[in-house]
Amino acid sequence: MRKIILFKLTIFFSVSLGWTQDSLTVENALKTALENNFQIKISKIDSENAVANNTLGNAGGLPRVDLRLTQSQNIQEQNNPNSVIQGNVLFANTIPVIELNWTLFSGFAARANKEILNQTASLSANNEQLVIENTLLATTLSYYQCVVGSKRLLIFQEILDLSRDKA
């Protein structure tokens, strides 16, 4: 009987030790916050888009090529007795169009647009850095508030134990 109880206690303690939680450190909290924060992910995507859009073509300094396909279908009835083809005839036309547009001079608008795109890319990168720094600050502040709260709980428990001992 004693061996069975000892065996059950050994299994209970080994299983319960396996289910313990890891204590959270500042480094783990910051790492988790940086990996899982959606604002950081959104700001990184915005920054990547701003860098990708910062081209001379988007500013209007390069030629623009447009390709269009136009399709039309007509049905005509052939009633001419001298014609070889009698009845309804379907005519289908497909017309490809390629346009090349290049503005040679538009009052330095391409240069101004390129400067705006440069500023947008710079602002997006700065915004990404700001979001990361704010996330780190908020995570660190929350972590240490939890540490202070747990220390206060221990102190209150100690004061309660001391007051019980005096009574």
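Residue numbers run from 1 in the order of the sequence given. Since we're looking at a predicted model, the values are computed, not measured.
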**Q** Quick test of your reading: applying salt bridge (Lys or Arg N to Asp or Glu O under 4.0 Å), list the pairs with at least one residue in residues 90-115, sequence neighbours left out, ordered by first then second residue.
**A**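 Found Arg68-Glu99.
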
**Q** What's the shortest heavy-atom distance between Thr139 and Ala29, and which atoms?
**A** CG2-O, 3.6 Å

**Q** Can you tell me how far the CD atom of Gln157 sits from the CZ atom of Arg152, to the nearest 0.5 Å?
**A**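 These two atoms lie 14.5 Å from each other.
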
**Q** How long is the gap from CD on Gln119 to CG on Leu117, to the nearest 0.5 Å?
**A** 10.5 Å

**Q** Just checking Leu154: does its CG atom have more than 12 heavy atoms from other residues, nucleotides or ligands closer to it than 6.0 angstrom?
**A**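 Yes, the 6.0 Å shell around CG holds more than 12 heavy atoms from other groups.
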
**Q** To the nearest 0.5 Å, how far apart are CG in Asn134 and CG in Asn37?
**A**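 Going from CG on Asn134 over to CG on Asn37, the span is 10.0 Å.
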
**Q** Looking at Lys41, I want to see if its NZ is surrounded by more than 12 non-hydrogen atoms of other residues, nucleotides or ligands under 6.0 Å.
**A** yes

**Q** Might you point out which heavy atoms bring Ser163 and Leu160 nearest each other, and give the distance in Å?
**A**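 Between these two residues, the closest heavy atoms are OG-O, 2.8 Å.
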
**Q** Starting from Leu136, can I reach Val147 by hopping between I/L/V/M/F/W/Y residues whose side chains sit under 4.5 Å apart?
**A**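 As far as the 4.5 Å side-chain criterion goes, Leu136 and Val147 are connected within one cluster.
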
**Q** I need the Asp66 CG to Asn101 CG distance, nearest 0.5 Å.
**A** 6.0 Å

**Q** State yes or no: do Leu123 and Ile132 share one hydrophobic cluster built from I, L, V, M, F, W and Y residues joined by side-chain heavy-atom distances below 4.5 Å, directly or via other members?
**A** no

**Q** Excluding sequence neighbours, so at least two apart, what forms ring pair (Phe, Tyr, Trp, His ring centres under 6.0 Å) with Phe38?
**A** none

**Q** Any chance CZ of Phe108 has more than 12 other-residue heavy atoms, nucleotides or ligands included, within less than 6.0 Å?
**A**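 For Phe108, atom CZ is not crowded (no more than 12 foreign heavy atoms under 6.0 Å).
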
**Q** Is it possible for you to say whether Leu100 and Leu67 belong to one hydrophobic cluster, with membership spreading through side-chain heavy-atom contacts below 4.5 Å?
**A**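 Same hydrophobic cluster.
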
**Q** If you compare all heavy atoms of Ala121 against all heavy atoms of Ala50, which two are closest, and at what distance to 0.1 Å?
**A**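 Heavy atoms of Ala121 and Ala50 come nearest at CA-CB, 3.8 Å.
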
**Q** Going only through I, L, V, M, F, W and Y residues with side-chain contacts under 4.5 Å, is there a path from Leu24 to Leu30?
**A**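 Yes, Leu24 connects to Leu30 through the hydrophobic network.
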
**Q** Going through the distances and angles, do Val65 and Ile98 end up as a side-chain contact (heavy atoms from CB on, under 4.5 Å)?
**A** CA-CA 7 Å; Val65 178; Ile98 297 176; 4.2 Å; yes

**Q** I'd like to check the ring pair (Phe, Tyr, Trp, His ring centres under 6.0 Å) partners of Phe91; sequence neighbours left out, ordered by chain and number.
**A** none

**Q** Between Val26 and Tyr143, which heavy-atom pair has the shortest distance, and what is it?
**A** CG2-CE2, 3.0 Å

**Q** Does Glu158 have more than 12 heavy atoms from other residues, nucleotides or ligands lying within 6.0 Å of its CD?
**A**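 Atom CD in Glu158 is not packed in, count stays at 12 or less.
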
**Q** For residues Glu48 and Val51, determine if any side-chain heavy atom of one lies less than 4.5 Å from a side-chain heavy atom of the other.
**A**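 Result no, sub-4.5 Å side-chain heavy-atom pair not found.
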
**Q** Please report the shortest heavy-atom distance between Ala59 and Asn113, naming the atom on each side.
**A**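 Looks like O-ND2, 3.2 Å.
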
**Q** Of all the heavy-atom pairs spanning Ser124 and Ser47, show the shortest one and how long it is.
**A**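 Smallest heavy-atom distance, with atoms named: CB-CA, 3.7 Å.
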
**Q** Nearest 0.5 Å please: distance from the OG1 atom of Thr135 over to the CD atom of Glu133.
**A** 10.0 Å

**Q** In Å, rounded to the nearest 0.5 Å, how long is the span from OG1 of Thr32 to CD of Glu27?
**A**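 If we round to the nearest 0.5 Å, Thr32:OG1 and Glu27:CD are 11.0 Å apart.
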
**Q** If hydrophobic clusters are built from ILVMFWY residues whose side chains come within less than 4.5 Å, do Val131 and Ile45 share one?
**A** no

